[in-house]
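What you see is a predicted model; the values in this text were computed from it and never measured. A, B, ... follow the sequence lines: proteins, then strands. Residue 1 opens every chain. Note: hydrogens, waters and symmetry copies are ignored here, and every other heavy atom, side chains too, is used.
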Amino acid sequence: MSSGEALATPGAALARAGPSSRLDIAGAVLVACGLFLGLLVALPLAWLAFFALTDKDGAFTGANLARLVTDDSLAAPLRISLIVATSVGAISAAVAAPIAWFVARTDMPGRNLVRVLITASFVTPPFLGAIAWEILAAPNSGLLNHWYRWLHDLPPFVHLFDIYTVAGLIFVDSCYAFPFVFVLVANALDRMPADMEDASAILGARPWRTAWRITLPLALPAILAGMLVAFLRSLTLFGTPAILALPGNFHTITTKIWSLFQYPPNPGLAAAASIPLLLLTIVLLQVQNRVLGRRGYAVIAGKAGQARLLRLKHWRWPAFGLCFLVLCLPIGLPYFALLKAAITTTIAEPLSLQTLTLKHVRFVLFEFSPTRLAFQNTVVLAVATATTGTALALVVSYATARRLVAGHRLLNFLATAPIAVPGIVLGVGLFLAYTRGPVVLYGTLWILFLAYLTIELPAAYQQLQSAFRSIHPELEEAGRLFGAGRMRILRDILAPLLKSGVIAAWCFIFIGVMRELSAAVMLFTAQTKVISVVIYDLNESGDLGAISVLGIALLAVTFAIVYLAQRVGGAGIGRTARPA
Amino acid sequence: MAGELPDVPRSATVRQRSFPFDRCIPLMAKVELVRLSKSYGGQPAVDGIDLEIPDGVLACLLGPSGCGKTTTLRLIAGFVEPDTGEVRVGGALLSSRERTLAPEFRRMSMVFQSYALWPHMTVAENVAYGLRLRGMPREEVRRRVDAILSVTRLSTLSGRYPGELSGGQQQRAALARALAVEPQTLLLDEPLSNLDANLREEMRFEIRRLHDAYRYTTVYVTHDQAEAMTAADLIVVMNGGRIEQAGSPQDIYQHPRSRFVASFIGGTNILEGEVLARDTVALDGLVLRCREGEAEGERAAVSIRHHEVQLSGEPFGAETNGAAGTVVRQIYLGAHRDYLVALAGGTQLRASAPMELDLAPGTSIYVYLPPENCRLLAA
Ligand SMILES: Nc1ncnc2c1ncn2[C@@H]1O[C@H](COP(=O)(O)OP(=O)(O)O)[C@@H](O)[C@H]1O
Ligand SMILES: [Mg+2]
C-alpha cells in the first residue's frame, strides 16, 4: 500500500503543478452556475405549487385543483386545448412529412426556395401570423371574405371563412407549427444513409415502394417526435389563441390562465390551471426522448453517401405547385395582408396609388408613444439575454460535455429543465415569486430578463453541448500535451471551433426574445412593455395598420439576424465527408 | 442505340404482381463496360473504361482509395448515369448517355460497404424483402430465407435486428440478403473493410465458396490486394479512373505491365536505368537483361519482386544481371530474412533471402537478378 502511494506521488505532484489551480476557479464558477440555474426554475415553480395548493390564508387546500375537474369554465378550455393541440400535431405531420420528402429526396424544382419559405414560417412570430389571418379571414372585415362577397355580389355579413373558431385556431396554429415537424423530418432524411434506399432499389423495389417500406419507417421516429413538438407548442401557445379564441368567445387553457390574472385576479386558480400544462409537457418530453433515443435507429447508420434524387418526371411541377400553395398559407397570404394593411388606410380598400398612405408608418414611428420605449426595452432585453444566456450555456455545456465536475448530470438536468415549463406557466410562477418580498422584481425589466433567460437557455445549451460533443476531446488533449492550460485551450482550440455554434446560439436567443409573448404578457407593466406586448395591445384596440407596420419591422430585424446567423454560423458545421 | 434498350415496363403494365424481370435482362450475364466515363465537377472519376467480365466470373476491381472503383460499381448498378459509354449485361444495353435502366430492373444485388441493413427489420425480414418484391408466395419465401440463412450460418439469428449483430454477422446478413434473390449479377463494394483481420480472411473464402456454389457474375470492389488474389478469377487494377491492367491473379502478379501494377501488387523493386538494347538496361554497375517486355526511348524501368532477387556471400559468376553491394539492413522475419542492399552507386534493393544467409549490416554481398524475373515496364 505504502509503496503504491510512494509511486503515485510524483505523478500527482506533476498534475497539481499544472492547470489544476485554474480548474478550482472554474469549479467555483460551475457551482455558482448550478445554484443560479436551480433558482431560476425552482423558485417560480415552488411558488406555483404553493399557490395552487393553499388558500388565501396560506392553509393547505385541494380546492383549486379540484375545480379543474368540477368547474366547466376551467375544464372546457383544457378540453379545447387538447383538441386543438392534437389536431395541430396530426395536421403538421401530415403536411410537413411529404414536403420534407419532396425537398430531401426528389428532384422537385425550387427545393431551396421551399426550404427558405419554411424557414420564414419558422421564424414568423405566431401571434403576428394570427393577426395577419385575422386581417384575411375575420368574418366581416376579412380580405378573403370581402373578395368572396365582391365576386359573388353578396350582401354584407355573408362570409366564407370565420377565423374566430376552433377550426380557425387549429388552422393558424398548424401554419406555424408544421415547420417544427419539417425540420426534424428533413434533418432525419438528410442524414439517412443513401445506401438504405439504394439497397432496396437494387433488389427490385420501385421508388414508391422504397419510400413506403424503407424511407418512411426510418423517418418515423422523427415524424413522431415532430408531432409531439407541434402538439406541445400548440398546447402552450398564448398569442394565437388570445387573438383568435377570445373574439370567438371561447378559451383555451392558456388564455384562461391569463384571464384569471385579469380583474379580479385569482392567482391560486391560475397556478392550479398551470399544473396540468406542466405535467403534460414533462411527460411528453419524456416520451419524445424515448422515441428519438431508440438506439436501433441510429447505431448502424452507414456512411452518408449522396442520396440519389427520385425523378418525379411529369410530377415535378405539380409537386412544386403543391408545396408552394401550402406555403402561401403561413407566408404568402399573411405577408401580403400585413403589407397591405400597413400601407392602405383601411383593409378593405383595393390596393391602388390613391389608397396608398404612410399614415400608419408615421403613427407608429412618431406619434404612438409606447413604440420607442418598447423597441428600446426589447433590444436591451434581447441583447442582455442573448449574451448572458450564451455565456451561461457555454460554461455549463463545456462542463457537462466533458464531465468536468461530479455533478455534471445534475447540471445537465438543470439546464434542460426549463424546456418543460411552458412560457405562460413560467410567467405565472415568476409573477408569484417576485411580486412580494424579499426580492421584488415585478415592474422592472429584470423579471422579463429572468423569464427570457429561463425560456431560451435550454435550446442554446443543447446546441452548444452538441457542438462540444462534435469536437473530439483528443483535440484538446493534444493541446494539453504541449502544456496549455484549460483556459488557454478554451481560447486557442475550442473557441475557433465553436465560433459558429456560439454565434448561432446568440442569434437564436435574440430572435426568441423578440417574439416571446406568453411570459411577457403576464409580466409587463406600463414601463416595461416590449414589442410583442405592444402588438398584442394594439390588436385589442383593433389598429391593424399600426400592428402591421410594427410586425413588418419585427420581421425585418428577425430575418436580418437569421441571415447573419446562417452566414456566420452555418458555414462549416454539419458537413460530413463523403466516403471513399 | 437507344432502341436496343430492353422495354422498360411503364406504369400501365406494372400492375402485374410478379416482377417483370424476364422482360428486362437476358439470363446470361456477361457484363461489358464500353468506353465508360463519369466526371464529377469536371474531374473524371471513371475515365473511359473498357472491360468484359464473362458470365459466372468473379472479377475484382482493385485499386487505391479514390481511383473510381465505387463509381464504376454504381455505374454498373445504375445508381450513376454515365457521361459517355455503355454498360451492357448479357448483350443488352442497360446504361448509356441517353438512357439508363433504373437499378430496380437490373436483376442485380449489391452488398454495400456499410451493409445498409434496414434497422427496422429483422435479419429474416431483411432477407425476405427482395423475395416478397417478386411476389413470391409466403411459403416459398420462408423456405428460401431459411435456406440462405443456413448457408450463411445465420439461422439462429434470424429474429435479431441488425443493431444486435456483430460486424461479421451483419456482413453475412447483407450477403444473405443479396444472394437470396438469386441475382444475375452480384456487386460487392469493399464488403470486408469493416471487419477485423481474422474475420476478413474467413469471409474472403466464404464469398468465394458462395460464388462457386451459385456462379453469379460477381464484381467485387476492394483496395486490398490479398483479398483480390484469393477471391478473384479476374483482377482489374484501376488507377486514376482508368484500368491499368486486367488479367488472372497469376497473370497480374507475374506479368505486371506497368510500374503502378508492379508496385501495387506484391513487394517489388523498381529500377530505372539507361537503355542499351531492346531487352537490356544498365544502371549503377548493373547490366540487366530482361526476358519480358521491350524498352523504348532512352531510359526504362525494370521490375523484380523481392523474393526473386538472389543473394550470396560469393560472386555469382554470371555475365550480366549481377553486381556487388553492401548490406544496409537485415530483418529476421521467421520464415526468411529481409535484406536491404546498396549497390556501389547507392541504388537500394530489397530482397528476401533464406534463413541460412545471415550477413551483418556493412558486410559486402552479391546480388543476382535472374533475367527471367526481370520485367521491362511501360513508362
Ligand atoms: N457523388 C460524387 N460527387 C463528387 N465527387 C465524387 C462523387 N463520387 C465520387 N467522386 C469522386 O470520384 C473519385 C472516385 O471516387 P470513388 O469511385 O468513390 O473511389 P473509390 O471507391 O475507388 O475509393 C474520387 O475522387 C471522388 O472524390
Ligand atoms: Mg469506394
**Prompt:** Do any N or O atoms from the side chain of B:Trp118 and from the backbone of A:Ile214 form a donor-acceptor pair under 3.5 angstrom?
**Reply:** no

**Message:** More than 12 heavy atoms of other residues, nucleotides or ligands under 6.0 Å from CZ of B:Arg242: yes or no?
**Reply:** no

**Asked** What part of B:Glu125 is in contact with chain A, defined as an atom under 4.5 angstrom from a non-hydrogen atom: side chain, backbone, both or neither?
**Response** neither

**Message:** Assess the residue pair A:Leu203 and B:Ser109 against the criterion (side chain to side chain contact (heavy atoms under 4.5 Å, CB included)); give the C-alpha distance rounded to whole Å, side-chain angles, the decisive distance to 0.1 Å, and a yes or no.
**Reply:** CA-CA 6 Å; A:Leu203 285 176; B:Ser109 278; 3.8 Å; yes

**chain A contact via B:Phe112 - side chain, backbone, both or neither, heavy atoms under 4.5 Å** = side chain

**Request:** Could you grab the distance from atom CD1 of A:Ile202 to atom CD of B:Glu104, nearest 0.5 Å is fine?
**Result:** 9.0 Å

**Complete:** B:Leu117 and A:Met196 have their tightest heavy-atom pair at O-CE, 3.2 Å

**Prompt:** So, do B:Met110 and A:Asp198 sit near enough that their side-chain heavy atoms are less than 4.5 Å apart?
**Reply:** no

**Request:** Quick one: pull up CG in B:Leu133 and CZ in A:Arg206 and give me the separation to the nearest 0.5 Å.
**Result:** 11.0 Å

**Under 4.5 Å from a heavy atom of chain B, the part of A:Arg213 involved** = both

**Prompt:** How long is the gap from CD on A:Glu197 to CZ on B:Phe79, to the nearest 0.5 Å?
**Reply:** 10.5 Å

